Participant: 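I'd like to ask you about the structure that follows.
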Amino acid sequence: MLPREYRTISSISGPLMMVEKTQDVRYDELVEITLANGDKRRGKVLEIESDRALVQVFEGTTGIENEDAKVRFLGKVLTLPVSRDMLGRVFNGRGEPIDGGAPLIPEQNIDINGMPMNPFSRDFPSEFIQTGISTIDGLNPMVRGQKLPIFSASGLPHNRMAAQIARQATVISGHEDFAVVFAAMGITFEEASFFMEDFRRTGALQRTVLYINLADDPAIERISTPRIALTAAEYLAFECNMHVVVILTDLTNYCEALREISAARKEVPGRRGYPGYLYTDLATMYERAGRLKGKSGSITQIPILTMPEDDKTHPIPDLTGYITEGQIILSRSLHRQGIYPPVDVMPSLSRLKDKGIGRDKTREDHADLMNQLFAAYARGKEAKELAVILGEGALSDEDKAFAKFSTTFEDRYVRQGEYENRTIKETLELGWDLLTMIPVKELKRIRDAYIEKYLQPLLKAKAEKASE
């Protein structure tokens, strides 16, 4: 289709402009706007009504004059040039290289508006992914093909945690074709520098594709950034047969951009001013994760979002929780205690955790140990709350043991170094070591055979050490 050119801009509002008397225009079609001084801007068709087209301008509409600007409809949609050479490169939110390297020589050009996976074609997630973080690996295991978001809040170290997962994530089955696609939306220049420098310094960049959209970049670019990242991930996973972890941060900035565009279009707002189609829009991204039957590659998603006002019922975390398979929640109180990563174990959940653990996956005792650590930590928290009300004298010896356990659990199990990469074996051994603080008769969620095999040798070693 030949490009068509118009000088019929009737109105401009925010990043949007209306073009009249158009013909054969398609939804999502790319647009080129030429200003009177020769500058060019890009956009895409957002809505079509009879002979009128609503165009979203990527670089913003400032300086565009209705009478002088020329609008060309290019007859094609926004595509991403992809190649295995993307690994180790840094791109902006439009998919253009910003690392000073050579232009990418594409093997394909793929439409960024990929389709969610057909449920019939999906393969069930079942393979454990090791992140090196005990609170995830030990208590809320992530499996290949899962969508496991991190719910954070303003001021919490979710960016550091995202970088740590990107550095450390691996499939312990030994599959060497593992890649990370990292998309940052609406971040500051300082945060962008942190990610780029950290990945370069630690060598993680070699297996990572980095997409960075800065806070002062146009809002419309923020909407395309995660889709560009997922398109790159789909190519690496299903064309190059790689295991791909996609980290999207911060989805809250994405949703704010969506609200801004919706307001400019004068759409009827939904909850808290967000568009009524927010659920559908998020689902079109989240459902691009998973495994396909007959394909060895996979896409595992870790969306990260900051909950406005630390509110779990806010539309963004609320809708995300409906679509995804669990959540890892960061705690402000743990952060105040200086604990990193400040993962709040009790409300965190991985709905597929039972599918990726056990014999031949992690270890036979993983499920029992996980359940016992959860139960012991919960009872310890209750005992500490009771002590605040009634005093420590009201606690039984068992309650005191559980209260001490919960404090030690936070200090040794939850707390770990930013560059400390714990194997799943180290995480499990640490869990057993902590359970030596609790009377054996109280370990009601672990089979006797596992207590005999894993706990008794530790108790015996401690008894011998105490007698010396």
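Keep in mind that what you see is a predicted model, and the values were worked out from it rather than measured.
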Participant: Is there a side-chain contact between Ile165 and Ile150 in this structure, where contact means two heavy atoms from C-beta onward sitting under 4.5 Å apart?
Facilitator: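 They are in side-chain contact.
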
Participant: So which atom in Tyr211 and which in Gly95 form the shortest heavy-atom distance, rounded to 0.1 Å?
Facilitator: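 Heavy-atom minimum between the residues: CE2-CA, 4.1 Å.
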
Participant: Atom NZ in Lys293, atom CZ in Phe124: separation rounded to 0.5 Å?
Facilitator: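 If I round to the nearest 0.5 Å, the distance is 12.0 Å.
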
Participant: Would you please indicate yes or no on a ring centroid separation below 6.0 angstrom for Phe151 and His314?
Facilitator: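 No, too far apart.
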
Participant: Quickly, which of Leu230, Ile323, Val246 forms a side chain to side chain contact (heavy atoms under 4.5 Å, CB included) with Met285? Name it, please.
Facilitator: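 Among Leu230, Ile323, Val246, the one that satisfies the side chain to side chain contact (heavy atoms under 4.5 Å, CB included) with Met285 is Leu230.
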
Participant: Between the side chains of Ser134 and Arg422, is a donor N or O closer than 3.5 angstrom to an acceptor N or O?
Facilitator: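 Looking only at side-chain atoms, Arg422 and Ser134 do form a donor-acceptor pair, the distance falling under 3.5 Å.
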
Participant: Mind listing the closest non-hydrogen atom pair of Pro308 and Thr252 along with its distance?
Facilitator: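 Residues Pro308 and Thr252, closest heavy atoms: CG-CG2, 4.4 Å.
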
Participant: Please check if any side-chain donor atom of Thr202 sits under 3.5 Å from a side-chain acceptor atom of Arg167, or the reverse.
Facilitator: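 Note: Thr202 and Arg167 side chains miss the donor-acceptor criterion.
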
Participant: Please give me the minimum heavy-atom distance between Ala378 and Met346, naming the atom from each residue.
Facilitator: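 Heavy atoms only, the tightest pair is CB-CE, 3.4 Å.
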
Participant: Take atom OH of Tyr277 as the centre, draw a 6.0 Å sphere, and report whether it contains more than 12 heavy atoms from other residues, nucleotides or ligands.
Facilitator: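 Atom OH in Tyr277 is crowded, with more than 12 foreign heavy atoms closer than 6.0 Å.
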
Participant: Mind running side-chain contact (heavy atoms from CB on, under 4.5 Å) on Ser348 and Leu139 for me, showing each step along the way?
Facilitator: CA-CA 9 Å; Ser348 295; Leu139 300 176; over 6 Å; no

Participant: Inspect the surroundings of NZ in Lys460 and state if more than 12 heavy atoms from other residues, nucleotides or ligands are less than 6.0 Å away.
Facilitator: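 Incorrect, the count does not exceed 12.
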
Participant: Does NZ or CZ of Arg94 come closer than 6.0 Å to the centre of the six-membered ring of Phe58, within 45° of the ring's axis?
Facilitator: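 Output no; distance or angle outside limits.
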
Participant: Would you kindly say whether Tyr450 and Gln372 are connected by a side-chain donor-acceptor distance under 3.5 Å?
Facilitator: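 Side chains of Tyr450 and Gln372: no pair found under 3.5 Å.
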
Participant: Charged N to carboxylate O below 4.0 Å: is that the case for Arg379 and Asp399?
Facilitator: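 Salt bridge between Arg379 and Asp399, a charged N being under 4.0 Å from a carboxylate O: yes.
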
Participant: Looking only at non-hydrogen atoms, find the nearest pair between Arg351 and Gln327 and report the distance.
Facilitator: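 Taking Arg351 first and Gln327 second, the nearest heavy atoms are NH2-OE1, 4.5 Å.
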
Participant: What distance do Ile172 atom CD1 and Glu127 atom CD have between them, rounded to the nearest 0.5 Å?
Facilitator: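 Taking CD1 in Ile172 and CD in Glu127, the distance rounds to 8.5 Å.
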
Participant: Checking side-chain contact (heavy atoms from CB on, under 4.5 Å) for the pair Tyr377/Leu434: CA distance, chi angles, key distance, verdict?
Facilitator: CA-CA 11 Å; Tyr377 182 56; Leu434 289 170; over 6 Å; no

Participant: For Tyr254, does the six-membered ring have the charged nitrogen or CZ of Arg222 within the cation-pi criterion, i.e. under 6.0 angstrom from the centroid and within 45° of the normal?
Facilitator: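 No.
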
Participant: Is it true that atom NZ of Lys425 has more than 12 heavy atoms of other residues, nucleotides or ligands lying nearer than 6.0 Å?
Facilitator: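 Check fails, neighbour count at 12 or below.
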
Participant: Among Thr131, Ile328, Leu352, exactly one meets side chain to side chain contact (heavy atoms under 4.5 Å, CB included) together with Asn140. Which residue is that?
Facilitator: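 Exactly one option meets the side chain to side chain contact (heavy atoms under 4.5 Å, CB included) with Asn140, and it is Ile328.
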
Participant: Give a yes or no answer on whether the side chain of Glu426 reaches the backbone of Thr423 with a donor-acceptor pair at less than 3.5 Å.
Facilitator: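 At least one qualifying donor-acceptor pair exists.
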
Participant: Is a side-chain N or O of Thr300 found less than 3.5 angstrom from the main chain of Gly145, in a donor-acceptor match?
Facilitator: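 Side chain of Thr300 to backbone of Gly145: a pair is present.
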
Participant: More than 12 heavy atoms of other residues, nucleotides or ligands under 6.0 Å from CZ of Arg201: yes or no?
Facilitator: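 Enclosed: over 12 neighbouring heavy atoms sit under 6.0 Å from CZ of Arg201.
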
Participant: Measure the spacing between CD of Gln168 and OH of Tyr419 and express it to the nearest 0.5 Å.
Facilitator: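 Separation between the atoms: 10.0 Å.
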
Participant: Does a side chain donor of either Glu364 or Tyr454 reach within less than 3.5 Å of an acceptor in the other side chain?
Facilitator: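 Checked: Glu364/Tyr454 side chains pair up, N/O donor to acceptor below 3.5 Å.
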
Participant: Counting heavy atoms not belonging to Glu309, are there more than 12 under 6.0 Å from its CD?
Facilitator: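 No, because the 6.0 Å sphere around CD of Glu309 holds 12 heavy atoms or fewer from other groups.
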
Participant: Between Asn113 and Asp28, is any side-chain donor less than 3.5 angstrom from a side-chain acceptor?
Facilitator: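 On atom types as modelled, these side chains qualify, holding a pair under 3.5 Å.
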
Participant: Report yes if the distance between the aromatic ring centroids of Phe199 and Phe182 is under 6.0 Å, otherwise no.
Facilitator: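 Phe199 vs Phe182: aromatic centres under 6.0 Å.
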
Participant: Below 4.0 angstrom, N of the basic side chain to O of the carboxylate: do Arg227 and Asp111 qualify?
Facilitator: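 Salt bridge between Arg227 and Asp111, a charged N being under 4.0 Å from a carboxylate O: no.
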
Participant: Do Cys255 and Leu278 make a side-chain contact, defined as non-hydrogen atoms from C-beta onward lying under 4.5 Å apart?
Facilitator: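 Counting from C-beta outward, Cys255 and Leu278 do come under 4.5 Å.
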
Participant: Within this structure, what is the OG1-CG distance for the pair Thr436 and Leu443, rounded to the nearest 0.5 Å?
Facilitator: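 Between Thr436 OG1 and Leu443 CG, I get 10.0 Å after rounding to 0.5 Å.
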
Participant: Can you name the nearest heavy-atom pair linking Arg122 to Ala289, along with the distance?
Facilitator: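 Minimum heavy-atom separation between Arg122 and Ala289: NH1-O, 2.8 Å.
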
Participant: Is a side-chain N or O of Arg259 found less than 3.5 angstrom from the main chain of Pro269, in a donor-acceptor match?
Facilitator: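 No, the answer is negative, given that no donor and acceptor are paired below the 3.5 Å cut-off.
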
Participant: CG of Asn371 to NE2 of His366: how many Å apart, nearest 0.5 Å?
Facilitator: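 If I round to the nearest 0.5 Å, the distance is 9.5 Å.
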
Participant: Determine yes or no for a side-chain-to-main-chain donor-acceptor pair under 3.5 angstrom, with Glu191 supplying the side chain and Thr188 the backbone.
Facilitator: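 Pair found, side chain donor or acceptor close to backbone of Thr188.
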
Participant: Starting from the C-alpha separation in whole Å, work towards a yes-or-no answer on side-chain contact (heavy atoms from CB on, under 4.5 Å) for Leu282 and Leu251.
Facilitator: CA-CA 9 Å; Leu282 289 172; Leu251 258 298; 4.1 Å; yes

Participant: Please evaluate residues Arg272 and Asp311 with respect to the criterion salt bridge (charged side-chain N to carboxylate O under 4.0 Å, His left out), reporting the C-alpha separation (whole Å), side-chain torsions for both, the decisive distance (0.1 Å), and the verdict.
Facilitator: CA-CA 13 Å; Arg272 307 225 188 161; Asp311 181 10; 3.0 Å; yes

Participant: Looking at Lys355, I want to see if its NZ is surrounded by more than 12 non-hydrogen atoms of other residues, nucleotides or ligands under 6.0 Å.
Facilitator: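 Open.
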
Participant: When rounded to the nearest 0.5 angstrom, what is the spacing between CD in Glu239 and CD1 in Ile110?
Facilitator: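 CD1 of Ile110 is found 6.5 Å from CD of Glu239.
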
Participant: Please check this pair: side chain of Gln146 against backbone of Val143, looking for a donor-acceptor N/O pair closer than 3.5 Å.
Facilitator: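 Yes, the answer is positive, given that a donor and an acceptor are paired below the 3.5 Å cut-off.
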
Participant: Going by atom types alone, do Lys361 and Ser126 pair a side-chain donor with an acceptor below 3.5 Å?
Facilitator: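 Looking only at side-chain atoms, Ser126 and Lys361 do not form any donor-acceptor pair under 3.5 Å.
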
Participant: Give the intermediate values and the outcome of salt bridge (charged side-chain N to carboxylate O under 4.0 Å, His left out) for residues Lys453 and Asp365.
Facilitator: CA-CA 10 Å; Lys453 183 176 179 180; Asp365 58 313; over 6 Å; no

Participant: Considering all heavy atoms of both residues, which atom of Ala232 and which atom of Val82 are nearest to each other, and what is their separation?
Facilitator: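 What the structure gives for the nearest pair is CA-CG1, 4.5 Å.
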
Participant: Applying salt bridge (charged side-chain N to carboxylate O under 4.0 Å, His left out) to Asp368 and Arg363, what does each step give before you reach the verdict?
Facilitator: CA-CA 10 Å; Asp368 285 15; Arg363 208 168 72 180; over 6 Å; no

Participant: For Asp448, look at atom CG and say whether over 12 heavy atoms of other residues, nucleotides or ligands are found less than 6.0 Å away.
Facilitator: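 Incorrect, the count does not exceed 12.
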
Participant: Between the side chains of Thr231 and Arg288, is a donor N or O closer than 3.5 angstrom to an acceptor N or O?
Facilitator: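 There is such a pair (donor and acceptor under 3.5 Å, judged by atom type) between the side chains of Thr231 and Arg288.
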
Participant: With a 3.5 Å distance limit and no angle check, can you tell me whether Gln164 reaches the backbone of Gly417 through a side-chain donor-acceptor pair?
Facilitator: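 It does hold such a pair.
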
Participant: Would Ile424 and Ile357 count as a side-chain contact (heavy atoms from CB on, under 4.5 Å) if you check the C-alpha gap in whole Å, the side-chain angles of each, and the deciding distance to 0.1 Å?
Facilitator: CA-CA 10 Å; Ile424 184 60; Ile357 62 175; over 6 Å; no

Participant: Under 4.0 Å between a Lys/Arg side-chain N and an Asp/Glu carboxylate O for Glu107 and Arg84?
Facilitator: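 Judged by the 4.0 Å cut-off on N to carboxylate O distance, Glu107 and Arg84 do not form a salt bridge.
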
Participant: Would one find more than 12 heavy atoms of other residues, nucleotides or ligands at under 6.0 Å from atom CG of Asn109?
Facilitator: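 Yes, because the 6.0 Å sphere around CG of Asn109 holds more than 12 heavy atoms from other groups.
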
Participant: Assess whether a salt bridge exists between Arg271 and Asp318, defined as any Lys/Arg side-chain N lying under 4.0 Å from an Asp/Glu carboxylate O.
Facilitator: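 Judged by the 4.0 Å cut-off on N to carboxylate O distance, Arg271 and Asp318 do form a salt bridge.
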
Participant: Measuring only between side-chain heavy atoms, which start at C-beta, is Val343 closer than 4.5 Å to Leu334?
Facilitator: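 No, every pair of side-chain atoms sits at 4.5 Å or beyond.
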
Participant: For the pair Gln206 (side chain) and Leu87 (backbone), establish whether a donor and an acceptor sit closer than 3.5 Å, ignoring hydrogens and angles.
Facilitator: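 No, Gln206 side chain to Leu87 backbone: no donor-acceptor pair under 3.5 Å.
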
Participant: Does the side chain of Ser154 come within less than 4.5 Å of Thr306's, by heavy atoms?
Facilitator: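 In short, these two side chains do not touch, never coming nearer than 4.5 Å.
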
